[in-house]
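For clarity, every value in this text was computed on a predicted model and none was experimentally measured. Chain A is the first sequence line, chain B the second, and so forth, proteins listed ahead of strands; every chain is numbered from 1.
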Number of protein chains: 2
Amino acid sequence: MRPETIENYLKTIYNLSSNNTAVVSNQKIADKLSLNPATVTEGLRKLHELKYVVYEKSYGSRLTAAGSKLALDIVRRHRIWETYLAKELGFGWDEVHAIAEELEHVNNVKLINKLASILGNPTYDPHGDPIPDAKGKIQKSNFIKLSETKVKGNYKVMGVTDHSPTFLKYLEKHELIIGAGINIKTIEDFDNSIILVCQKKEVSISPKAAECIIVQTI
Amino acid sequence: MRPETIENYLKTIYNLSSNNTAVVSNQKIADKLSLNPATVTEGLRKLHELKYVVYEKSYGSRLTAAGSKLALDIVRRHRIWETYLAKELGFGWDEVHAIAEELEHVNNVKLINKLASILGNPTYDPHGDPIPDAKGKIQKSNFIKLSETKVKGNYKVMGVTDHSPTFLKYLEKHELIIGAGINIKTIEDFDNSIILVCQKKEVSISPKAAECIIVQTI
DNA sequence: TTATTATTTTTGGCATACCAAAAAGATAAT
DNA sequence: ATTATCTTTTTGGTATGCCAAAAATAATAA
Ligand SMILES: [Mn+2]
Ligand SMILES: [Mn+2]
Ligand SMILES: [Mn+2]
Ligand SMILES: [Mn+2]
């Protein structure tokens, strides 16, 4: 298997199993990588062979220790590049993901560590995702989705789970950026929209969008 | 053809036809890309099909206008990255080529122009090679090889034609770095070694090495 | 000019990464 | 428990990028 192919699979499995213990379905992988399910079945068989993945057919897959190590490495590269592009090169948080998607495959430890060092070894990327350190150690947080908040509560935006430019530009328009404080006013009976106040302006957030916004109680 | 494959061929043809008019042989391309000659024949047939190359069989190849444009673009990316790695990220001139070899395939105009702008739109890379501007315009120089110099002449090192770490480290050891002034003392009758003075120290340069050092009269 | 040598091309084949359609298996609904 | 619906796997097949060996062509030396 080509390194790039391996890296794309492992990163995807890592991202989809969030806590890194949950088993991941073929379909989810196929969706994320825009591949035919048949291709994913083949891919997983090979990754199992390579001992990067434990793949039990018709059940699901999870990373081995070796697979996890590799996955954390590429996740680190991706997120360091995103941070570098945003902080040092002036790109918007809606632009960095696509570029990092390519840069992440350039495997040079010295390069990534240098970028990280220039950035002051950041622990979070522009989307609020934690950045593994050079040894693969990653910050564990107990943030919740906006969709799981309680009415009348005060929260702070900590991250997003959707990196698409469309979504990120939409958030920016409402000033729902990382670090912004929000106050949940009420939930619409009709469609479960969340009405909240952010930067003194009232905003209505659809349930779908609320699923993609990560917050912390304050 | 995969973009990376196309880019590697076009860049190689460009580099091998220096003045960009000379025809390039299959063998030279095969050597540079570490490919079997049979593979190169196939590759050129496809690039001809794609109108990036004029390939006359059993004779040679040269770039079309479209191929030239693409080649200059990737040469720009390669050299801007090399310069950025050296000047902004602290890598040695012997390290940058290998990393740039991968980074050059990340095709994002805004990114490269940003890097160039941070560097002050440089016109030469760490090896003395000219960097095409955003429009593909490239500085033409009339430098000569150290092997073509005259005895008793005073010259300045302007570049190298070999980017291998071994060669570059060797040069560095003798302080034969870009910008260094040299004075040609004599040429050894026995093996045609060039005896010169650089930074007040006498150095003997083999004909093979002298072929790879670019200088200018002062 | 004729041989010798070097280069290029053709041929046949292999490995990887993918997909569409059919078959099998697992889940959910009635 | 049986059917209907998703999900996964199998099967057969394509496109790309590569190579080794043989055949053809070009360049060089005798
Ligand atoms: Mn991203
Ligand atoms: Mn991110
Ligand atoms: Mn280089
Ligand atoms: Mn260079």
Side-chain angles (χ1 to χ4, degrees), chain A residues 1-18 22-63 67 70-71 74 101-102 104-107, chain B residues 1-18 22-63 67 70-71 74 101-102 104-107:
Chain A
M1 279 178 112
R2 280 196 302 143
E4 219 184 292
T5 311
I6 295 178
E7 289 173 351
N8 284 333
Y9 272 100
L10 297 186
K11 188 187 61 166
T12 303
I13 295 169
Y14 178 87
N15 284 333
L16 287 173
S17 73
S18 45
V23 144
V24 178
S25 77
N26 291 18
Q27 191 140 74
K28 288 246 174 71
I29 299 171
D31 284 354
K32 266 281 160 64
L33 294 175
S34 304
L35 292 174
N36 188 296
T39 306
V40 172
T41 302
E42 261 186 286
L44 291 172
R45 200 182 39 68
K46 287 181 206 152
L47 289 168
H48 184 106
E49 194 67 34
L50 291 167
K51 302 253 171 49
Y52 289 139
V53 155
V54 179
Y55 159 58
E56 292 179 67
K57 57 193 230 178
S58 286
Y59 168 65
S61 307
R62 60 194 168 75
L63 298 172
L70 254 178
I74 187 153
E101 211 52 57
E102 297 189 55
E104 69 187 5
H105 298 293
V106 175
N107 187 358
Chain B
M1 279 177 111
R2 281 197 299 144
E4 220 184 291
T5 310
I6 295 178
E7 289 173 351
N8 284 332
Y9 272 100
L10 298 186
K11 187 186 60 165
T12 302
I13 297 169
Y14 178 86
N15 284 332
L16 288 174
S17 73
S18 46
V23 144
V24 178
S25 77
N26 291 17
Q27 191 142 72
K28 288 247 175 68
I29 299 171
D31 284 355
K32 266 282 161 63
L33 294 175
S34 303
L35 291 175
N36 187 296
T39 307
V40 172
T41 302
E42 262 186 286
L44 291 172
R45 202 185 34 73
K46 287 180 204 153
L47 289 168
H48 184 106
E49 193 67 34
L50 290 167
K51 303 250 171 51
Y52 289 138
V53 155
V54 178
Y55 159 58
E56 290 180 67
K57 60 191 222 177
S58 286
Y59 168 65
S61 308
R62 58 192 171 75
L63 299 172
L70 255 177
I74 188 153
E101 212 51 58
E102 298 189 56
E104 70 188 5
H105 299 293
V106 175
N107 187 356

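- One can place CZ of A/Arg45 at 14 Å from C1' of D/dT8, the figure rounded to the nearest angstrom.
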Query raised in the report: Taking it one step at a time, do A/Glu101 and A/Lys11 satisfy salt bridge (charged side-chain N to carboxylate O under 4.0 Å, His left out)?
Result: CA-CA 11 Å; A/Glu101 211 52 57; A/Lys11 188 187 61 166; 2.3 Å; yes
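- Put simply, A/Lys57 has a side-chain N or O that comes within less than 4.0 Å of OP1 or OP2 on D/dT10.
- The only member of B/Thr41, B/Val24, B/Asn15, B/Leu35 that meets side chain to side chain contact (heavy atoms under 4.5 Å, CB included) when paired with B/Ile29 is B/Val24.
- A/Lys46 places its NZ atom 15 Å from the C1' atom of D/dT9, with the value rounded to the nearest Å.
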List the steps and the verdict of side-chain contact (heavy atoms from CB on, under 4.5 Å) for B/Glu7 and B/His105. CA-CA 8 Å; B/Glu7 289 173 351; B/His105 299 293; 2.6 Å; yes
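- Following rounding to the nearest Å, B/Ile6 (CD1) and D/dT16 (P) show an atom-to-atom distance of 11 Å.
- Between A/Val40 and A/Lys32, every side-chain heavy-atom pair lies at or beyond the 4.5 Å cut-off.
- Contacts of residues 34-44 of chain A with DNA chain D (heavy atom under 4.0 Å): A/Pro37, A/Ala38, A/Thr41.
- Between D/dT8 and A/Tyr55, no contact under 4.0 Å exists linking OP1 or OP2 to a side-chain N or O.
- Nucleotide C/dA26 holds its P atom 13 Å from the OH atom of A/Tyr59, rounded to whole Å.
- Here D/dA26 is the nucleotide among C/dA17, D/dA26, D/dT9 with the atom lying nearest to any side-chain atom of B/Ser58.
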Applying side-chain contact (heavy atoms from CB on, under 4.5 Å) to A/Ile74 and A/Tyr14, what does each step give before you reach the verdict?
CA-CA 10 Å; A/Ile74 187 153; A/Tyr14 178 87; over 6 Å; no
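- Less than 4.0 Å separates DNA chain D from at least one heavy atom of each of the following residues of residues 26-33 of chain A: A/Asn26, A/Gln27.
- Atom CE in B/Met1 sits about 6 Å away from atom P in D/dG17, given to the nearest Å.
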